[in-house]
2 protein chains.
Amino acid sequence: MTSGRLYGDAAHDHDHRFRCVSLVPLFAALSEKDRHRIAESSVTRRYERGEHVFRAGERLDLHIVHRGRVKVYRLLESGSEQLIRILGAGEFLGETAVLSETEVDHFAVALDDAEVCSIDRRRILAVLTERPSVAVTMLQTVSQRLSAAEQMVSSLTGRSVEQRLAEHLLQLAYDADSLRFRLPSSKKDLASYLGTTAETLSRRLSALQKSGAIRLGPGRFVEICDEQVLRSGADAD
Amino acid sequence: MTSGRLYGDAAHDHDHRFRCVSLVPLFAALSEKDRHRIAESSVTRRYERGEHVFRAGERLDLHIVHRGRVKVYRLLESGSEQLIRILGAGEFLGETAVLSETEVDHFAVALDDAEVCSIDRRRILAVLTERPSVAVTMLQTVSQRLSAAEQMVSSLTGRSVEQRLAEHLLQLAYDADSLRFRLPSSKKDLASYLGTTAETLSRRLSALQKSGAIRLGPGRFVEICDEQVLRSGADAD
DNA sequence: CGCAACGTTGATTTGCATCAACCGTTGTGG
DNA sequence: CCACAACGGTTGATGCAAATCAACGTTGCG
């Protein structure tokens, strides 16, 4: 079922995996020995852009992104996809399946050529119970994700697409620490993330540009011209 | 800031708190000594129906419901409220604030006369790092909540109010293990939980009744007459 | 009893999805 | 190397689900 290609040489492979494991924030506080133990029961695979890391219905181990970005999404009955989040290097996914022993109900696909390592479910459960720092770190991450998801729920019921969009643009600017930045994903994916369609997103972006709040350049470039206007649109009224 | 009334007699108070702590699933695996330690740094308060356990903007400890139900909600800019979840005895809230040391952005109010105990943030963090079973249990709960929240996000963008309602009714029937049951909350709250308005909910319920899928009785009673019809409405089409 | 919150129904408006056509870019196979 | 398919993106026209506004009935509580 799982796609991707295994590494070649076994010895070099373990070194590589060990180095990867060592870079994962989740395992930052662990001893070298612990990290070796984790690396042993991990499998690292490469995925080409567009290749699926996993699909709904599979039973999964914990996955950690080492290189590239991985898009996690859900398939709606209508056939369209709902983007849940995009993960970068060092971030994990599949924790729900590991923790509750259920099948996953979402998909993960590589946005770039990527490298993802999966850690055996039992091993990670053992680590969680033996190394509280790992459990607490994971708990912090998951609870932040929960918080974000609940924000999103409120946003979807209480705010317009334009408000959500404006808020998201401000967030992107904050992350980039600049008023000029590139959208990190296609507009299609952004629309899906904001819970709307590509058409509506396009219209809302144009509207923001006409109002003078932002300027759209080629290649997904965005410049926030009037932060006040944008923010007043994002806030309540 | 915090409302509610403290217990009287200190000795009896500790016994009471200890008994309460012992009943909490989260602490099930702990030793008696550990539970005493937790009970010591806890404060149990009673809340009348309608009284707030906490409000947005406060810095919080971990709260555990001992008796009654507590409604957690968010206030939208429009002034209306978005119900996040309803907690019963043994369930906890406020974990995000504890874990990320942030202020809470939501409210909690007692739905019945309730008893809620709050455990000092530092103490619970200490327990989490010293007793992995607690961290793993909490992790399971939080990740289930995350999963539910992400389901909700998909639901809000991809399904109609009637579909969400039908699915929820089936879930309630499943929980009650009967095709006849009472709505656990006011229709106002149910509407808020489903991300819609009281008016729309009322109309959708009537529509389901007209279609013969359900029957509405007095006092929030609901009977599922035709599960097939209801389920076909809830599923894709 | 009387007030307040809950609940229902009707009329109206609207934001957004949907359907459809079209353009520019990318990439691919003949 | 060109043709053409495939995809991302934009714009326009149309339909509809659900919010909103408003009025009224109902329940429950001090």
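Just so we're on the same page: letters track the sequence lines, and every chain starts at 1. Every heavy atom of this structure was used, including side-chain atoms; hydrogens, water molecules and symmetry mates were not.
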Practice task
Sequence neighbours left out, what passes side-chain contact (heavy atoms from CB on, under 4.5 Å) with V109(B)? Give chain and number order.
Solution key: H52(B), K71(B), Y73(B)
Practice task
Provide, to the nearest angstrom, the distance between the CG atom belonging to L165(A) and the C1' atom belonging to dC16(C).
Solution key: 14 Å
Handout entry: Set of side-chain contact (heavy atoms from CB on, under 4.5 Å) partners for K188(A), sequence neighbours left out
Key = S186(A)
Practice task
Report yes if some heavy atom in the side chain of T96(B) is under 4.5 Å from a heavy atom in the side chain of V104(B); otherwise report no.
Solution key: no
Practice task
Taking side chain to side chain donor-acceptor pair (under 3.5 Å) as the test, write out the residues that go with S118(A), two or more places apart.
Solution key: none
Exercise for the section: Please list, by residue number, the residues of residues 181-196 of chain A whose heavy atoms come closer than 4.0 Å to an atom of DNA chain D; answer none if no residue qualifies. Expected result: S186(A), K187(A), K188(A)
Practice task
Using atom CG of L111(A) as one end and atom P of dG8(D) as the other, report the distance to the nearest whole Å.
Solution key: 12 Å
Handout entry: Under the side chain to side chain donor-acceptor pair (under 3.5 Å) test, residues paired with S100(A) that sit two or more places apart
Key = T102(A)
Practice task
Map V161(B) and A198(A) onto DNA chain D by nearest heavy atom, then report which one ends up closer to the 5' terminus.
Solution key: A198(A)
Let me check something: any side-chain donor-acceptor pairs from residues 147-155 of chain A under 3.5 Å, sequence neighbours excluded? List them with distances.
unit_1: E150(A); atom_1: OE2; unit_2: R85(B); atom_2: NH2; d: 2.7
unit_1: Q151(A); atom_1: NE2; unit_2: D105(B); atom_2: OD2; d: 3.0
unit_1: S154(A); atom_1: OG; unit_2: E150(A); atom_2: O; d: 3.2
unit_1: S154(A); atom_1: OG; unit_2: R74(B); atom_2: NE; d: 2.8

Problem - Atom-to-atom span, CG of L76(A) to C1' of dA17(C) - whole angstrom - result: 13 Å
Completion exercise
Taking five pairs at each terminus, the helix from dC1(C)-dG30(D) to dG30(C)-dC1(D) shows an axis bend, to 10°, of 30°
Practice task
For E103(B), enumerate each residue passing the side-chain contact (heavy atoms from CB on, under 4.5 Å) test, keeping only those at least two apart in sequence or located in another chain.
Solution key: R59(B)
Counting only pairs under 3.5 Å, give me each side-chain donor-acceptor contact of residues 219-228 of chain A, with atom names and distances, residues two or more places apart or in other chains.
unit_1: E223(A); atom_1: OE1; unit_2: R215(A); atom_2: NH2; d: 3.3
unit_1: D226(A); atom_1: OD1; unit_2: Q228(A); atom_2: N; d: 3.1
unit_1: D226(A); atom_1: OD1; unit_2: V229(A); atom_2: N; d: 3.2
unit_1: E227(A); atom_1: OE2; unit_2: R231(A); atom_2: NH2; d: 2.5

Fill in the blank from the handout: Within residues 199-221 of chain A, the residues having a heavy atom closer than 4.0 Å to DNA chain C are E199(A), T200(A), R203(A)
Exercise for the section: Over all heavy atoms of both residues, which pair between G90(A) and P25(A) is shortest? Give the atoms and the distance, please. Expected result: O-CD, 3.6 Å
Would you list the atom pairs, donor with acceptor, under 3.5 Å between side chains in residues 165-174 of chain A and any protein atom, with sequence neighbours excluded?
unit_1: E167(A); atom_1: OE1; unit_2: R159(A); atom_2: NH1; d: 3.2
unit_1: Q171(A); atom_1: NE2; unit_2: D175(A); atom_2: OD1; d: 3.0

Problem - For atom CZ of R49(B) and atom C1' of dC6(C), their distance in whole Å - result: 12 Å
Exercise for the section: Give the rounded distance in Å between these two atoms: CD of Q82(A) and C1' of dA17(C). Expected result: 15 Å
Practice task
Return the set of residues passing salt bridge (charged side-chain N to carboxylate O under 4.0 Å, His left out) with E162(B) (not counting sequence neighbours), or none when no residue passes.
Solution key: R204(B)
